[in-house]
Participant: 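Would you mind keeping the following structure in view while I ask a few things?
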Amino acid sequence: MEILIISGLSGSGKSQAASYLEDIGYYTVDNLPAEMMVKFAEFCVASGGHYDRVALVYDVRAGEPYTVLVEALEKMKSMGVNCRMLFLEASTQAIVNRYKQTRRLHPLAGRGQSIEQSIQAEREMMQPIRDHADFIIDSTSFPTAKLRSELLNLFGNQSDRMGLNVNVLSFGFKHGIPIEADLVFDVRFMPNPFYVAELKNKTGLDKDVRDFVFSFQQTHDFMDQLEKMLSFLLPLYGEEGKTVLVIAIGCTGGHHRSVAVAHELSEYIAKAGYQVTENHRDISR
């Protein structure tokens, strides 16, 4: 059984860290006093494996001497529990900016101190706990995805690292750009099968429409450039920690060109080793 204590400075990302750990199978409890951790650990041990990965968030709001937490850690380890501590911190300026954005009060702000003074006071209070940490993450320059990626590297199993899932979506501009799209490519420059009588009522999934769209050199040139771009971008999105990338390919109505290109692109991305979902939003409109 594993218990991970998440501690650190207010505004450093403890709640976000707990949410990400919950996503990969940890049972999380926020703001649990150290004296209750031992009782909770006993309950988890007695559960017969039902709570085998637990993350407990501990911060300055507990109002306890740091020695209480250290004693709790030692007691849990003596029970045979794999008990470790993650400490999150950030620069004072980063924490100030985060509090300004959320408009929340710092837990120590009621002492008549400025927010900078409150952060410094908390930093001093939490130093002994930091000294006992097994892992320390400075989230100062971390975007959300980077924190998630770091936690996956530290605490995720192989099954948790599902990698980047790519959703290739065709659409028609006259129906609006998909709001979920991360990357949007416009293929309306390609000759339109809509104006070919025998192709008008077919879609880009039909072979003769696909053959028409790809009978032009400009289509092949576009695909070459697009594939080069994605071969560069996809690994970088994966390294950043992004789990889902939506690539939207648009033409006028979403029936012909965008469908044919999206289908071709899906096959290329799948051959590159990524998990791919192919959708055609407007194909039946």
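Just so you know, residue 1 is the first one in the sequence shown, and it goes up from there.
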Participant: If the threshold is 4.0 Å, N to carboxylate O, is there a salt bridge linking Asp211 and Lys207?
Facilitator: yes
Participant: If I compare all heavy atoms of Arg84 with all of Glu2, which pair ends up nearest, and what's the gap?
Facilitator: NH2-OE2, 3.0 Å
Participant: Under a 3.5 Å threshold, yes or no: a donor from one side chain and an acceptor from the other, between Gln101 and Asn97?
Facilitator: no
Participant: Take the angle between the ring planes of Phe40 and Phe43 and call it parallel below 30°, perpendicular above 60°, tilted in between.
Facilitator: tilted
Participant: Taking the side chain as everything from C-beta on, heavy atoms only, tell me whether Val57 gets closer than 4.5 Å to Leu32.
Facilitator: no
Participant: Within a 6.0 Å radius of atom OH on Tyr66, are there more than 12 heavy atoms belonging to other residues, nucleotides or ligands?
Facilitator: no
Participant: Are the side chain of His220 and the backbone of Phe214 linked by a donor-acceptor contact shorter than 3.5 Å?
Facilitator: yes
Participant: If you draw a 6.0 Å radius around CD in Glu116, do more than 12 non-hydrogen atoms from other residues or ligands fall strictly inside?
Facilitator: yes
Participant: Please check if the number of heavy atoms outside Lys200 that lie under 6.0 Å from its NZ is greater than 12.
Facilitator: no
Participant: Is it true that atom CZ of Phe135 has more than 12 heavy atoms of other residues, nucleotides or ligands lying nearer than 6.0 Å?
Facilitator: yes
Participant: So, Thr219 side chain and Ser215 main chain: donor-acceptor pair closer than 3.5 Å or not?
Facilitator: no
Participant: Can you see which heavy atom on Lys14 is nearest to which on Asp59, and at what distance?
Facilitator: CE-CB, 3.4 Å
Participant: Check Leu147 against Gly13 and note the closest heavy-atom contact, atom names and distance.
Facilitator: CD2-O, 4.1 Å
Participant: Would you call Val168 and His263 a side-chain contact if the rule is heavy atoms closer than 4.5 Å?
Facilitator: no
Participant: State, yes or no, whether a side-chain contact exists between Arg53 and Ile3 at a heavy-atom distance under 4.5 Å.
Facilitator: no
Participant: Of the options Lys271, Arg257, Arg210, which is the one that meets Glu264 in a salt bridge (charged side-chain N to carboxylate O under 4.0 Å, His left out)?
Facilitator: Arg210
Participant: Look at the aromatic rings of Tyr27 and Tyr51 and report parallel, tilted or perpendicular, splitting at 30° and 60°.
Facilitator: perpendicular
Participant: More than 12 heavy atoms of other residues, nucleotides or ligands under 6.0 Å from CE of Met36: yes or no?
Facilitator: no
Participant: Should Val54 and Leu56 count as side-chain neighbours, where that means a heavy-atom distance under 4.5 Å?
Facilitator: yes
Participant: Does any part of the side chain of Phe171, heavy atoms only, come nearer than 4.5 Å to the side chain of Val184, both counted from C-beta?
Facilitator: yes
Participant: Please determine which of Glu89, Gln16, Glu150, Arg98 meets the side-chain hydrogen bond (donor to acceptor under 3.5 Å, both in side chains) test together with Ser139.
Facilitator: Arg98
